[in-house]
Number of protein chains: 2
Amino acid sequence: MATRSNTTAPKKRYRVGVATVVVVFTIQEEALKVLLARRAREPFRGRWALPGGFVRPDEDLDASARRKLGEKTGVTGYYLEQLGAFGQVDRDPRERAVAVAYYALIPSDRLVLRPSKSADAAAWFPVDEPPELAFDHEAILETARERLAAKLDYSTIAFQFLPETFTLVEVQRIYEAVKGEQLDKRNFRRAIQALGKLKATGKKRRDGFGRPAMTYRIKGPKDVEIIK
Amino acid sequence: MATRSNTTAPKKRYRVGVATVVVVFTIQEEALKVLLARRAREPFRGRWALPGGFVRPDEDLDASARRKLGEKTGVTGYYLEQLGAFGQVDRDPRERAVAVAYYALIPSDRLVLRPSKSADAAAWFPVDEPPELAFDHEAILETARERLAAKLDYSTIAFQFLPETFTLVEVQRIYEAVKGEQLDKRNFRRAIQALGKLKATGKKRRDGFGRPAMTYRIKGPKDVEIIK
DNA sequence: GCAAAAGTGTTATCCCTACACCCATGA
DNA sequence: TCATGGGTGTAGGGATAACACTTTTGC
């Protein structure tokens with residue numbers, strides 16, 4: 001048995017790099033997409049990865065995640081929620097690093113991408129068929145998908161994908177894309193209207209043919225509320 | 001505008017101390033209790049705090065949380081789940097530190113406490129009336145309570161509080177303690193039996209008077225399953 | 001008038017809730 | 001026999017799920 005260490009001696013504290021990583025979702029072409037960046041540096045150079053980077057001394061974790069995302073997309077005012085910390089000892093081949101993961105939802109009408117210096121390319125991928133990812137990002141992505149899908153059922157989080165005005169069919173497509181299943185049109189409309197969060201506006205013809213759909217906007221602040 | 005930094009120069013990476021903090025719950029005297037330790041050192045010397053400590057180089061985050069808890073209670077095999085990372089810049093007055101918070105559930109029949117060198121006392125407190133806490137531990141405790149209460153409704157997590165054998169009334173007391181409200185006896189028993197997770201054993205008289213209650217045990221592995 | 005997409009009601013079933021009395025035991 | 005806590009059933013209301021046709025528009 002080892003002798004007890006001197007309790008008054010100053011202990012050298014072990015420190016680790018802390019990064020934030022963001023799973024950015026949007027709806028594009030009726031499918032759930034995730035933003036990935038190709039790594040321009042080692043480790044995993046050339047591999048696709050979730051956007052992220054190390055936290056700065058003077059910024060909170062949330063602020064770090066938003067900063068990283070701002071650099072990549074230029075978007076502001078989106079929904080951001082923490083997923084948790086990922087800290088397996090060997091998750092970064094360079095050295096010990098803990099990632100605090102977030103997920104963000106961006107409305108489908110503002111998804112411009114910016115070039116950045118740490119990645120030579122950024123693109124939206126269907127979540128069903130992502131490329132091979134760097135670090136433990138596959139696990140993080142999977143956690144984010146599960147969280148998002150679960151939250152659809154008991155909150156108004158899906159509205160965060162919507163632009164200023166939208167049609168009921170568009171709302172339904174979001175639910176279907178995230179859950180990966182078809183929903184009954186009549187039941188869906190009744191349920192979504194029963195939330196009392198939508199307000200009709202004028203009319204609008206979507207793309208292509210057919211009868212024009214009524215457009216709606218969110219009544220009140222665009223917050224995520226827990227329902228049921 | 002600042003000049004762009006040289007992209008090839010090695011950047012000094014900023015590192016921070018990472019601690020794990022655990023909200024340990026148990027049911028005692030029909031009330032939800034949380035384990036707190038009185039701090040023997042600065043900062044916040046003498047203040048009550050959640051058990052925790054800095055992560056070691058060779059241990060995963062979960063392992064760190066379990067180690068800390070083992071030092072404090074000696075218990076093993078309990079349920080442990082991550083809550084998330086708490087990393088406000090000023091949450092630790094000494095220096096920047098990120099806490100990865102967990103919550104754990106310990107069955108009511110094994111809650112022995114051990115003395116430790118970083119705290120001169122440890123005790124169970126009712127979650128409704130905790131003392132003033134160190135750091136941001138009040139926020140962490142509140143987050144844990146909310147998560148636990150929410151999870152009661154859609155998982156079998158409450159069973160993690162139960163000893164090997166138990167009565168239906170004891171199960172009901174757990175739900176009532178965590179949710180902070182009275183439940184209808186008949187409806188509760190029907191619902192809990194409908195899960196199909198309980199198996200009757202012999203009979204047993206509880207403390208005091210009255211008709212003896214049937215005892216049950218969990219059928220199958222004692223995992224937390226999502227229900228509904 | 002036809003192709004395309006939007007919009008609309010009813011019925012059966014299941015689940016949740018409310019509610020009050022009898023039973024087994026020890027003193 | 002009484003005090004104490006354990007144990008049991010039913011009925012009504014609300015939510016959910018299944019299901020097919022009509023309307024509006026552009027070409």
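Reminder, nothing fancy here: chain letters follow the sequence lines and each chain counts from 1.
- Arg145(B) pairs with exactly one of Val23(B), Ile140(B), Asp128(B), Val34(B) by the side chain to side chain contact (heavy atoms under 4.5 Å, CB included) rule, that one being Asp128(B).
- Rounding to whole angstrom units, CD of residue Gln193(B) and C1' of dG9(D) are separated by 14 Å.
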CA sep, side-chain torsions, deciding dist, call: Lys228(A), Asp153(A), salt bridge (Lys or Arg N to Asp or Glu O under 4.0 Å)
CA-CA 9 Å; Lys228(A) 289 207 275 199; Asp153(A) 290 330; 6.0 Å; no

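- Between the Gln172(B) side chain and the Leu183(B) main chain, a donor and an acceptor come within less than 3.5 Å of each other.
- Straight-line distance from the CD atom of Gln182(A) to the P atom of dA18(D): 14 Å, rounded to whole Å.
- Atom CZ in Phe166(B) sits about 16 Å away from atom C1' in dG6(D), given to the nearest Å.
- The CG atom of Asp136(A) lies 9.0 Å from the OG1 atom of Thr143(A); values are rounded to the nearest 0.5 Å.
- Atom pair Arg186(A):CZ and dA20(D):P shows a separation of 8 Å (rounding to whole Å applied).
- Following rounding to the nearest Å, Arg211(A) (CZ) and dG26(D) (P) show an atom-to-atom distance of 13 Å.
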Can Tyr216(B) and Gln193(B) be said to form a side-chain contact (heavy atoms from CB on, under 4.5 Å), step by step?
CA-CA 11 Å; Tyr216(B) 293 81; Gln193(B) 300 253 36; 3.6 Å; yes

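- Rounding to whole angstrom units, NZ of residue Lys185(B) and P of dG7(D) are separated by 8 Å.
- Between the NZ atom of Lys228(A) and the P atom of dA15(D) there is a distance of 12 Å, rounded to whole Å.
- Residue-to-nucleotide proximity on DNA chain C shows that, of Asp184(B) and Gly208(B), the 5′-proximal contact is made by Asp184(B).
- With hydrogens and angles ignored, the 3.5 Å screen pairs a side-chain donor or acceptor of Arg91(A) with a backbone N or O of Ala97(A).
- Along DNA chain C, the nucleotide closest to Ala213(A) and the one closest to Asn187(A) are compared, and the more 5′ of them pairs with Ala213(A).
- Between Tyr103(B) and Tyr79(B), the ring-plane angle classifies as perpendicular under the 30° and 60° cut-offs.
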Start with the C-alpha gap between Arg47(A) and Leu133(A), add the side-chain angles, then the distance that decides, and say whether side-chain contact (heavy atoms from CB on, under 4.5 Å) holds.
CA-CA 6 Å; Arg47(A) 193 81 77 85; Leu133(A) 298 180; 5.7 Å; no

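- The CD atom of Glu170(B) sits 10 Å away from the P atom of dG7(D) (whole-angstrom rounding).
- Here Arg205(A) lies in heavy-atom contact (under 4.0 Å) with sugar-phosphate atoms only.
- Within the structure, every pair that satisfies the salt bridge (Lys or Arg N to Asp or Glu O under 4.0 Å) test and touches residues 165-178 of chain A, not counting sequence neighbours, is listed here: Glu30(A)-Arg173(A), Glu170(A)-Arg206(A), Arg173(A)-Glu176(A).
- Using five terminal pairs a side, the axes of the helix from dG1(C)-dC27(D) to dA27(C)-dT1(D) at its two ends make an angle of 10°, given in steps of 10 degrees.
- Side-chain to base pairing of Arg190(B) with dT10(D): one donor and one acceptor N or O lie within less than 3.5 Å of each other.
- Boundaries of the chain A contact region on DNA chain C are dA4(C) to dT10(C), first to last in 5' to 3' order (nucleotide atom under 4.0 Å from a heavy atom).
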